[in-house]
2 protein chains.
Amino acid sequence: MRVRSFADRIGGFLSLTVSEQNALAGLEGRARSLRRGAVLVRENDRTADLFVLSSGMMMSYVLLHDGSRQILRFLFPGDLAGAGALAYATSPESVVALADSVVCLFDRAQVAAVMARHPRLALAMTAIDQAERAAMTDRLAGLGRTSAQARIAAVLLDIRDRMRRSGEEVASGFTLPLTQEEIGDASGLTAVHVNRMLRQLEEMGLIARTGGRVILSDEVRLARTANYVDRLSRIDLSWLVPIPA
Amino acid sequence: MRVRSFADRIGGFLSLTVSEQNALAGLEGRARSLRRGAVLVRENDRTADLFVLSSGMMMSYVLLHDGSRQILRFLFPGDLAGAGALAYATSPESVVALADSVVCLFDRAQVAAVMARHPRLALAMTAIDQAERAAMTDRLAGLGRTSAQARIAAVLLDIRDRMRRSGEEVASGFTLPLTQEEIGDASGLTAVHVNRMLRQLEEMGLIARTGGRVILSDEVRLARTANYVDRLSRIDLSWLVPIPA
DNA sequence: CGACGCGTTGACCTCGATCAATTAGCGTGG
DNA sequence: CCACGCTAATTGATCGAGGTCAACGCGTCG
């Protein structure tokens, strides 16, 4: 199983000073293991913790009054989540494990202290968050303005890229760790229609499926139909380098 | 015309020290006036600036390959935008003035410097950003999972609350500074359907319209049908207070 | 074996899109 | 003051993407 720390993630965008590395190492908080399906945070729970997913896979979502669910984000090793705790006393979203997972919890005061001492880390964190925001706006545009087919294609590409970034070896294909209902809740569709769109993408030759595995056969056309951009890969922190502590 | 600085906005959540006030005052950047319709930033433009809207009203949006538009956010005086510059060399979104407006531009290096010197401001900025993220997830859930009627109701409530926060006196009603097409591009609907939903809300007695003015006649029912939450009003930074510089 | 969750498929329906036409508001020039 | 032209709002008719409902297959687990 792939394991990633937050230091690994930040280090991927910025070369860290020893002092910064130590700060991040010292931050490694309370570890907690979660079984598949276990709920880490429930919407409106009182919470003061942020966390980094160390291994496994999780998702965050909100529930609407009629019981329907909108999945906001899939989490992979190295991802920071729960940052809502910086602004709210209670969580604006629920977080649940999609696979057996391990998380590292940090109290927001710890996070604040590290940010105060290491401005460059604070800025890197902010920048990564901005990239996630951009990814979210892409999803917003997808839900508001694109076809069911495009949304499914986008989900597939997004998960593939996030798996890769988290250290998984994803060559041509990967095992989709989601039910079609979950894909639907992420893309604003019903499970039934997700099924039809997967079939359609398959018939068009853009993907192939065998068992639980998905192969992105024609990434170029897939990315084009999805309007997809890998926001995390475009991060440019070069302007930040000349500002050491 | 209402004018708001970023200091006003942050000060609304946190009592600032003199040093912090000075830092924000010193940050007030290059002012720039924009006519209604003027484009401040275009998607993929090279940019290193963030900005605060001082007066007027703007919006950010992205364009899809087929030419359709998704409005991401409406900006009111005091709102910070362009934070994508912290992560990217080119803007992930376009920003345009919806009314004659004035903005204050800051280079990201300036912003970084202030954040480095004033950790509490950095955290407050981060927290406000988290609140905007929460608002965006609400919109995501709205687009993915709610009816056209609910989305329109949400847009109306959102704009009302943002106007209020920016200092506008919004009693029972306000002048909607948007075309129905813009409301549609914000909510993932067509202008035609926006029109029908406005009429429907009117017939249901939830809103009233006279000329360009909208009156939210039954806020309670409106909020219920919209699944609406005012994220900015729930920010709780009390935990931050005990960490002075 | 039976219950259950998930995937798959078909039949049908609805919400919102699309197409089209009309009306209202408003600034401009005569 | 009025004719014109443009943009936005409004309304009706029709279409279609995606939802809903229902049935069935298949694998897993107790």
Side-chain angles (χ1 to χ4, degrees), chain A residues 35-37 59 64 66-71 96 98-99 141-156 175-204 207-214 225-227, chain B residues 35-37 59 64 66-71 96 98-100 142-156 175-204 207-214 225:
Chain A
R35 295 290 186 71
R36 179 179 196 298
M59 66 174 178
L64 304 199
D66 67 353
S68 62
R69 175 177 68 175
Q70 176 65 49
I71 293 176
V96 59
L98 287 165
L143 292 198
R145 290 300 186 206
T146 74
S147 68
Q149 199 188 83
R151 296 186 212 174
I152 299 302
V155 168
L156 294 177
T175 300
L176 234 200
L178 300 174
T179 67
Q180 294 181 353
E181 185 175 7
E182 284 158 348
I183 298 175
D185 284 346
S187 57
L189 300 168
T190 58
V192 173
H193 208 60
V194 169
N195 185 291
R196 287 195 254 259
M197 291 303 102
L198 285 171
R199 171 156 318 289
Q200 200 172 91
L201 289 172
E202 198 173 15
E203 282 164 1
M204 293 169 67
I207 67 173
R209 290 183 298 165
T210 54
R213 278 184 83 71
V214 178
T225 71
N227 229 289
Chain B
R35 294 291 187 70
R36 181 179 195 296
M59 66 172 176
L64 303 199
D66 66 353
S68 60
R69 175 176 68 172
Q70 175 66 49
I71 294 176
V96 59
L98 286 165
D100 294 349
L143 292 198
R145 291 300 187 207
T146 74
S147 68
Q149 197 188 85
R151 296 185 213 175
I152 298 303
V155 168
L156 294 177
T175 301
L176 234 198
L178 301 175
T179 68
Q180 294 181 355
E181 185 176 6
E182 284 158 350
I183 298 175
D185 284 345
S187 57
L189 300 168
T190 58
V192 173
H193 208 59
V194 168
N195 184 292
R196 286 195 251 261
M197 292 302 102
L198 285 172
R199 171 155 317 288
Q200 200 172 89
L201 289 173
E202 198 174 15
E203 282 164 1
M204 293 169 66
I207 67 172
R209 291 183 298 164
T210 54
R213 280 184 80 73
V214 178
T225 72

*Asks:* Once you apply a heavy-atom cut-off of 4.0 Å, does A/Gly188 come out as touching a base, just sugar-phosphate, or nothing?
*Replies:*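 Sugar-phosphate only.
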*Asks:* So which one's nearest nucleotide on DNA chain C is more toward 5', B/Leu189 or A/Ala191?
*Replies:*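 It is A/Ala191, whose closest nucleotide lies nearer the 5' terminus.
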*Asks:* What is the separation between atom CD on A/Glu202 and atom P on C/dG7, rounded to the nearest whole Å?
*Replies:*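 These atoms are roughly 14 Å apart.
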*Asks:* Testing A/Arg69, A/Gln70, A/Gln180 for side-chain hydrogen bond (donor to acceptor under 3.5 Å, both in side chains) with A/Asp185, which one passes?
*Replies:*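 Among A/Arg69, A/Gln70, A/Gln180, the one meeting side-chain hydrogen bond (donor to acceptor under 3.5 Å, both in side chains) with A/Asp185 is A/Arg69.
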*Asks:* Nearest 0.5 Å please: distance from the CG atom of B/Leu156 over to the CD1 atom of B/Ile183.
*Replies:*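 Reported to 0.5 Å precision, the distance equals 6.5 Å.
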*Asks:* Counting just side-chain N and O atoms, does B/Arg196 come under 4.0 Å of either OP1 or OP2 of D/dT10?
*Replies:*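 No, no such contact exists.
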*Asks:* Not counting sequence neighbours, list each pair that qualifies as a salt bridge (Lys or Arg N to Asp or Glu O under 4.0 Å) and has a residue in residues 186-196 of chain B.
*Replies:*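 Of all non-adjacent pairs touching residues 186-196 of chain B, none passes salt bridge (Lys or Arg N to Asp or Glu O under 4.0 Å).
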*Asks:* So, is B/Arg199 near the phosphate of D/dG12, with a side-chain N or O under 4.0 Å from OP1 or OP2?
*Replies:*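 The answer is no; no side-chain N or O of B/Arg199 sits under 4.0 Å from OP1 or OP2.
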*Asks:* Take atom CZ of B/Arg145 and atom C1' of D/dG19, then tell me their distance rounded to the nearest Å.
*Replies:*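 So the two atoms are 10 Å apart, to the nearest Å.
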*Asks:* OP1 or OP2 of D/dA9 sitting under 4.0 Å from any side-chain N/O of B/Asn195?
*Replies:*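 Looking at the OP1 and OP2 atoms of D/dA9, neither is under 4.0 Å from any side-chain N or O of B/Asn195.
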*Asks:* Supply the atom-to-atom distance B/Leu64 CG to A/Arg145 CZ, rounded to the nearest 0.5 angstrom.
*Replies:*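 B/Leu64 CG to A/Arg145 CZ: 8.5 Å, rounded to 0.5 Å.
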*Asks:* Taking only side-chain nitrogens and oxygens of B/Arg151, does any of them come within less than 4.0 Å of OP1 or OP2 of C/dC15?
*Replies:*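 For C/dC15, neither OP1 nor OP2 has a side-chain N or O of B/Arg151 closer than 4.0 Å.
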*Asks:* Measure from CE on B/Met197 to P on C/dG16 and round the result to the nearest Å.
*Replies:*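 B/Met197 atom CE is separated from C/dG16 atom P by 6 Å.
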*Asks:* Measure CG/B/Leu176 against P/D/dA8 and give the value in whole Å, please.
*Replies:*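 After rounding, the gap between these two atoms is 14 Å.
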*Asks:* Quick one: is D/dG19 close enough that its OP1 or OP2 comes under 4.0 Å of any side-chain N or O from A/Thr190?
*Replies:*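 So the side chain of A/Thr190 is within the cut-off, an N or O lying under 4.0 Å from OP1 or OP2 of D/dG19.
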*Asks:* Identify, between B/Leu178 and A/Ala148, the residue whose nearest nucleotide on DNA chain D lies closer to the 5' end.
*Replies:*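 The residue whose closest nucleotide sits nearer the 5' end is B/Leu178.
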*Asks:* Rounding to a whole Å, what distance do you find between A/Asp185:CG and C/dC6:C1'?
*Replies:*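 For the pair A/Asp185 CG and C/dC6 C1', the rounded distance is 14 Å.
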*Asks:* Tell me which of B/Leu198 and A/Ser147 sits closer to the 5' end of DNA chain D, going by the nucleotide each one is nearest to.
*Replies:*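 Its nearest nucleotide being more 5', the pick is B/Leu198.
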*Asks:* Which value, rounded to the nearest 0.5 Å, describes the distance between A/Ile71 atom CD1 and A/Leu98 atom CG?
*Replies:*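 It is 7.0 Å, given to the nearest 0.5 Å.
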*Asks:* Rounded to whole Å, please give me the gap between CD1 in B/Ile183 and P in C/dA17.
*Replies:*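 The distance from CD1 of B/Ile183 to P of C/dA17 comes to 14 Å, rounded to the nearest Å.
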*Asks:* Could you state the CD-P distance from B/Gln180 to C/dA24, rounded to the nearest angstrom?
*Replies:*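 Rounded to whole Å, this separation is 15 Å.
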*Asks:* To the nearest angstrom, how far is B/His193 atom NE2 from D/dG16 atom P?
*Replies:*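 Rounded to the whole Å, the gap is 18 Å.
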